Amino acid sequence: MDMEMGSQHFGHQHPVVFKDVLNDQTKEAICLRCGEMVFGSSFSCMECEFYLHKKCAEAPSKIDHPFHRNHPLVLLPEPSYKGCLCNFCGKTCEKSVYHCSCKLDFHIKCALFSLNMAEKKLEELKHITIKVPLLFTEDDSKELEKLDCFMCWEPLLESMYFSLDCGFNLHKKCVELAHEIKYPFHKRHPLILQFNVDHFSCKICLQKPSGKGFVYSCSPCRFTVHIKCAEFPPILNLPCHRNHPLFLHVKREDRSCHACRENPSFMTCEETQQNKFYRCSPCTFGLHLECALPPLTIKEKIHKHPFSLFWRQVSFICDACGLEGKLCDRRVEIEYGSYSCFNCKFVVHVKCALEKKGWYKEVDPKDIDRKLAIVPKVSTNPIDCVIEKNEDGEMTKIKHFSHEHNLILSKNLIEGHCDGASLVDKYCDGCVLPISNPFYYCSECDFLLHESCAKSRKQEQLWFHICQRFLILLVGCIFRCDLCQSESNGFSYMCKKCDVHYCLYCATRNYRIKHQAHRHRLFFDRNHKGRCSACNVSVRGLFKCKSCDAFNLHVDCLRLPLTAWHKCDEHRLALTYEEVNKYSEYQFCDICEKKRDSRKWFYHCATCDISAHSYCALGRYPFIKPGSIYNELKDHPHPLTFVRKIFSGPRCHKCFQPCRDLVLECADSSCDYVVHWDCVKPAYLRSEKTARPKTETGEIVEDTSEGSSCIIL
């Protein structure tokens with residue numbers, strides 16, 4: 001070798017010995033040039049702890065690198081300045097480096113590996129596994145989502161990549177890049193694949209150079225493009241504009257994109273710099289680069305199926321933003337793209353689908369057929385057996401997995417009435433809402449299920465649950481719903497990984513709904529700030545009317561049952577959306593006898609002219625079914641029954657205060673044990689949650705109502 005460190009002592013004061021395998025050291029052997037563990041062939045000193053990898057010891061004193069043709073890279077024993085970063089892998093350099101005055105520095109292994117790439121000597125990669133990004137990232141691969149390719153510095157999971165066992169983050173397509181290309185916007189000279197020297201901005205996206213990775217560049221002309229930008233074809237023929245081809249224009253365009261409708265006049269300087277267009281000159285039709293070439297398929301965390309790009313013209317309401325989806329241009333009849341789900345009717349604008357990077361991931365088209373149909377491994381049918389059907393094919397008698405007896409279908413609800421002190425109210429054991437037609441009942445006990453609740457699958461993916469695993473339908477437990485925060489003993493969907501429950505009502509709610517209080521459909525808008533039309537609380541994240549922009553509803557109020565039973569009246573109380581009587585003396589609650597806010601929904605009996613606050617009519621625990629049995633209290637020997645006490649009853653055996661609202665009474669008639677539910681409920685129900693970490697959350701913006709609170713999706 002032609003350098004002092006390349007002598008037989010490699011710049012060391014003692015003689016060094018070459019060994020094929022290190023087998024006698026008692027401590028970890030660290031290479032003095034690269035700082036990594038020494039395995040296999042190496043040079044070492046017999047008198048002190050001096051070790052060099054064979055590759056590091058034989059590293060040339062300078063390299064004429066094909067990826068940096070301006071100057072040689074010179075080997076230095078240490079970085080020339082503090083905080084030195086490798087221009088290939090981006091990590092800190094602490095030991096020997098290859099350096100160029102162009103502000104290029106490389107670890108020895110990075111310089112030698114990239115040299116082998118330039119010379120097409122890729123023996124190191126021949127036996128390395130090539131990974132294909134999966135549709136769903138597993139738990140142990142979450143770190144991969146943060147990694148970038150060392151060549152293009154785009155996310156590693158955007159394309160097939162070499163296993164990290166090779167020691168480098170590399171896309172397969174980047175390793176196979178041509179070292180020289182002819183570029184249509186720079187015909188004077190070819191563009192050469194080079195290290196990204198921190199000098200010139202990309203001529204396509206105009207982004208400033210980062211100093212990392214590679215670019216295609218013509219040094220004499222100072223013309224540079226990113227690897228990704230060089231992949232944009234100069235001419236496009238798209239199904240959304242079949243009349244003429246679209247040409248890539250590298251000059252700034254002062255026009256709006258026909259896909260996302262964004263106009264550069266309203267953009268920031270940084271956004272305007274990236275406003276490059278494909279355009280059709282005869283038609284004045286234009287598309288942003290990212291809008292012209294969106295991914296063919298994406299996976300959104302807010303929905304359980306992948307989205308595919310929908311190129312043909314179609315009129316739709318966007319399920320993400322609620323806007324009309326047909327964006328017809330008046331001057332030219334053209335077609336626009338949109339994302340749609342293969343398995344259901346979920347449709348999203350391109351702009352809405354790509355709005356947040358963290359809320360979608362691209363899917364390799366090669367994996368679509370293999371990964372599209374993700375189904376549970378066990379049966380999801382909640383009906384174990386159909387015993388009888390009628391002439392119309394309806395299941396009139398079934399065996400449901402949640403109950404020990406057979407269930408019979410009924411379409412004629414017979415309301416039981418008595419003297420008002422002991423009114424028999426009926427509730428569904430699934431959603432714990434008042435029972436309504438059609439429903440299944442048990443002839444041997446008081447078990448009831450709405451027909452729709454009986455068909456709830458045993459495993460389900462929920463559109464709002466971020467981890468997108470299949471949730472399990474549970475029965476026979478008491479839980480707090482992670483959305484509406486209600487305590488319930490009905491059916492729930494549980495995510496084992498996230499340790500959360502969702503009540504059946506919240507779990508089956510769609511992202512667009514029709515509510516009896518308003519004539520138009522409502523769409524969930526996570527960014528909309530407004531005042532809930534039901535409770536008058538101002539929040540972010542509401543079901544919003546896009547047609548008239550005058551009606552909002554948040555999750556807590558959406559959960560209010562349309563009817564309620566209360567012992568103050570023999571009839572059902574109906575949820576009422578506006579005041580029946582405008583006179584202030586009539587705006588009082590007939591249960592608590594306190595004034596009602598005329599802007600809030602309430603419960604009302606038109607026959608008896610009785611009105612009540614929603615919380616007075618429902619009680620604090622409206623979704624724990626009265627009459628159901630509780631067996632989890634360890635300090636009482638008998639089963640206990642849930643009972644709602646409207647008036648003060650016997651004293652609680654725990655706090656010795658008169659029992660009111662939800663209590664537990666001993667099911668044994670010979671025992672007088674009674675206790676408030678608040679006094680004995682388990683610890684996991686006592687903590688009040690105020691955030692929704694497993695869903696996209698909202699927050700209270702302003703609360704002007706005494707005693708009001710809301711937690712939303």
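Nothing here was measured: the structure is a model prediction, and the numbers come from that model. Worth knowing before you read on, the calculation uses all heavy atoms, side chains too, and leaves out hydrogens, waters and symmetry mates. Numbers here simply count residues along the sequence, with the first being 1.
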Undergrad: To the nearest 0.5 Å, how far apart are SG in Cys495 and CG in Asp482?
TA: 10.0 Å
Undergrad: Is there a side-chain contact between Leu471 and Met494, using heavy atoms and a 4.5 Å cut-off?
TA: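 No - every pair of side-chain heavy atoms lies 4.5 Å or more apart.
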Undergrad: Taking atom NZ of Lys496 as the centre, report whether more than 12 heavy atoms of other residues, nucleotides or ligands fall under 6.0 Å from it.
TA: no
Undergrad: Write down the atom of Pro72, the atom of Asp64, and the distance for their closest heavy-atom approach.
TA: CB-OD1, 3.5 Å
Undergrad: Do any N or O atoms from the side chain of Arg69 and from the backbone of Pro66 form a donor-acceptor pair under 3.5 angstrom?
TA: yes
Undergrad: Kindly give the heavy-atom pair with the smallest separation between Phe43 and Ala57, and that separation in Å.
TA: CD1-CB, 3.5 Å
Undergrad: Would you check if Val225 and Cys202 make a side-chain contact, meaning some heavy-atom pair closer than 4.5 Å?
TA: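 The answer is yes, as the side chains (C-beta and beyond) meet within the 4.5 Å cut-off.
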Undergrad: Check whether any side-chain heavy atom of Leu52 sits under 4.5 Å from a side-chain heavy atom of Cys31, and report yes or no.
TA: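 Sidechains of Cys31 and Leu52: in contact.
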Undergrad: What pair of heavy atoms forms the shortest contact from Ala230 to Tyr216, and how long is it?
TA: CB-CD1, 4.0 Å
Undergrad: Within this structure, what is the CG-NE2 distance for the pair Leu177 and His179, rounded to the nearest 0.5 Å?
TA: 7.5 Å
Undergrad: Would you please test Tyr493 and His465 for side chain to side chain donor-acceptor pair (under 3.5 Å) and show each step?
TA: CA-CA 11 Å; Tyr493 279 102; His465 188 64; over 6 Å; no
Undergrad: Please report the interatomic distance NE2(His71) to CG(Leu104), rounded to the nearest 0.5 Å.
TA: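 Answer for the NE2-CG pair, His71 versus Leu104, is 10.0 Å.
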Undergrad: Kindly compute the distance separating CG (Leu73) from CD1 (Ile108), expressed to the nearest 0.5 Å.
TA: 12.0 Å
Undergrad: Apply salt bridge (charged side-chain N to carboxylate O under 4.0 Å, His left out) to Glu176 and list each qualifying residue two or more places apart in sequence or on a separate chain.
TA: Lys172
Undergrad: Taking the side chain as every heavy atom from C-beta outward, state whether Glu154 and His226 have any pair of such atoms under 4.5 Å apart.
TA: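 No. Closest side-chain heavy atoms not under 4.5 Å.
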Undergrad: Can you check side-chain contact (heavy atoms from CB on, under 4.5 Å) on Ile63 and Leu112, steps first, answer last?
TA: CA-CA 9 Å; Ile63 298 175; Leu112 297 178; 4.0 Å; yes
Undergrad: Mind telling me whether Phe113 and Phe88 have parallel, tilted or perpendicular rings, with 30° and 60° as the class edges?
TA: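 Because their plane-to-plane angle lies in the 30° to 60° range, the rings of Phe88 and Phe113 count as tilted.
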Undergrad: Which atom names give the shortest non-hydrogen contact between Ser217 and Gln194, and what distance separates them?
TA: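 Looking at all heavy atoms of both residues, the closest pair is O-NE2, 3.4 Å.
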Undergrad: Begin from the C-alpha positions of Tyr502 and Val500 and carry the test side-chain contact (heavy atoms from CB on, under 4.5 Å) through to its verdict.
TA: CA-CA 7 Å; Tyr502 302 109; Val500 295; 3.7 Å; yes
Undergrad: According to side chain to side chain donor-acceptor pair (under 3.5 Å), does anything in residues 105-119 pair up with another residue at least two apart or in another chain? List the pairs.
TA: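 Sorted pair list: Glu36-Lys109, His65-Ser114, Tyr81-Asp105, His99-Asp105, Asn116-Glu124, Glu119-Lys121.
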Undergrad: Rounded to the nearest 0.5 Å, what separation is found between the SG atom of Cys218 and the CD atom of Glu180?
TA: 10.5 Å
Undergrad: For residues Pro79 and Cys84, report the shortest heavy-atom separation together with the two atoms involved.
TA: CB-CB, 3.7 Å
Undergrad: Heavy atoms only: give me the nearest Asp148-Asn169 pair and the separation to one decimal.
TA: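 Looks like O-CB, 3.3 Å.
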Undergrad: Quick one: are Arg480 and His501 in side-chain contact, heavy atoms under 4.5 Å?
TA: no
Undergrad: Would you say the side chain of Phe214 lies within less than 4.5 Å of the side chain of Asn196, judging by non-hydrogen atoms?
TA: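 Side chain of Asn196 against side chain of Phe214, heavy atoms only: no contact under 4.5 Å found.
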Undergrad: Is there a side-chain contact between Leu164 and Leu147, using heavy atoms and a 4.5 Å cut-off?
TA: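 A side-chain contact exists here, since the closest heavy-atom pair is under 4.5 Å.
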Undergrad: Can you find a heavy atom in the side chain of Phe168 that is under 4.5 Å from one in the side chain of Val175?
TA: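 When only atoms from C-beta onward are counted, Val175 and Phe168 do not touch, as no gap falls below 4.5 Å.
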Undergrad: Calculate, to the nearest 0.5 Å, the distance between atoms NZ and SG belonging to Lys228 and Cys149 respectively.
TA: 12.0 Å
Undergrad: Can you list the residues that meet the ring pair (Phe, Tyr, Trp, His ring centres under 6.0 Å) rule with Phe106, with sequence neighbours excluded?
TA: Phe195
